[in-house]
Amino acid sequence: MEKALTVIGLAALYVVAFSIVEVLGIFHPYAWTYSAVLASVLAAWPFFKLCQRYPIPGVAMLCAVLVLLFNYIIGQGHEFLALGCFGFGFIAEGFRKFMGNCRGRWGVILAYASMSLIPFSKTCVLWIDYETALDMVILNMRDIYYASMGRMLSWSMLCTMIVVTLVLAVVTMWLLTLDWRPRERYDVFRN
């Protein structure tokens with residue numbers, strides 16, 4: 001029971017790390033639209049601890065599902081976010097399985113890089129259906145959003161932010177895993 005609570009606690013901390021950055025979006029639209037950049041650094045530690053302590057399948061998907069549930073609870077969930085959470089969560093689980101969460105660190109590094117793209121699945125609606133998203137944003141946020149949206153929604157800016165997010169996620173997780181100690185999968189269940 002204690003181990004289950006630790007897993008849920010670390011996964012919840014992962015969700016909180018992602019959400020803290022989005023809250024900064026109240027102050028400026030860049031903080032909301034490109035929250036993945038800072039979140040890729042803040043959420044690395046809880047994900048690292050989950051993978052290090054519990055090298056069992058499903059940890060990445062648990063984090064992705066909790067992000068999705070939290071966003072639906074606060075009214076920010078939509079089908080693109082659901083697709084992104086399940087898609088990137090599945091890719092992350094694939095990296096952990098085929099590159100080895102227990103034997104080496106690159107499976108965890110690439111899994112986290114995949115997970116760091118989840119916030120872009122939340123904001124991708126801004127590029128896909130600009131008018132509807134802009135109306136929604138104006139209803140929920142201040143007029144500063146309306147004035148800033150056009151400048152920040154270029155495709156080149158999106159590509160740049162995705163690349164920056166991936167690089168930060170890989171570098172942050174690489175630094176955290178420098179002292180990686182492989183762990184047997186079934187050590188988790190031993191006392």
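Keep in mind that the numbers below use all heavy atoms, side chains included, and drop hydrogens, waters and symmetry copies.
- The closest donor-acceptor contact from the side chain of Glu93 to the backbone of Ala60 lies under 3.5 Å.
- Looking at Leu176 and Gln52, their side chains never come closer than 4.5 Å, going by heavy atoms from C-beta outward.
- Within 6.0 Å of CZ in Phe90 there are 12 or fewer heavy atoms belonging to other residues, nucleotides or ligands.
- With rounding to the nearest 0.5 angstrom, the CG atom of Leu50 is 7.5 Å from the CG atom of Leu62.
- For the residue pair Ala44 and Ser40, the shortest heavy atom distance occurs at CB-O, 3.9 Å.
- Follow the hydrophobic side-chain contacts under 4.5 Å out from Ile8 and you never reach Phe48; the two are in separate clusters.
- In this structure, Phe88 CZ and Leu81 CG are separated by 10.5 Å, a value rounded to the nearest 0.5 Å.
- The minimum heavy-atom distance linking Leu13 with Trp45 is given by the pair CD2-CZ3, 3.8 Å.
- Going from atom CG of Leu42 over to atom CG of Leu168 covers 10.5 Å, rounded to the nearest 0.5 Å.
- To the nearest 0.5 Å, atoms SG (Cys51) and CD1 (Ile109) are separated by 11.0 Å.
- With contacts defined as side-chain heavy-atom distances shorter than 4.5 Å, the pair Phe86/Leu68 qualifies.
- The shortest side-chain heavy-atom distance between Leu66 and Phe70 does not fall under the 4.5 Å cut-off.
- Residue Tyr72 is not grouped with residue Leu83 when hydrophobic side chains (ILVMFWY) are merged at heavy-atom distances under 4.5 angstrom, including chains of intermediate members.
- The shortest non-hydrogen separation linking Gly89 to Met61 is C-CE, 3.6 Å.
- A donor-acceptor pair is defined here as one N or O able to donate and one able to accept, closer than 3.5 Å; such a pair exists between the side chain of Thr177 and the backbone of Trp174.
- Taking all atoms of both residues into account, the shortest heavy-atom contact from Gly84 to Ile118 is O-CG1, 4.2 Å.
- For the atom pair CG (Leu38) and OG1 (Thr165), the distance works out to 10.0 Å, reported to the nearest 0.5 Å.
- In terms of heavy atoms, Ala113 sits closest to Ser116 at O-OG, 2.6 Å.
- Under the 4.5 Å side-chain criterion, counting only non-hydrogen atoms from C-beta, Arg105 is in contact with Leu178.
- Here the OG-CG distance, from Ser19 to Asn71, works out to 6.5 Å after rounding to the nearest 0.5 Å.
- Ring planes of Tyr112 and Tyr14: perpendicular class, angle over 60° (limits at 30 and 60°).
- When every heavy atom of Ala17 is checked against every heavy atom of Ala43, the shortest pair comes out as CB-CA, 3.6 Å.
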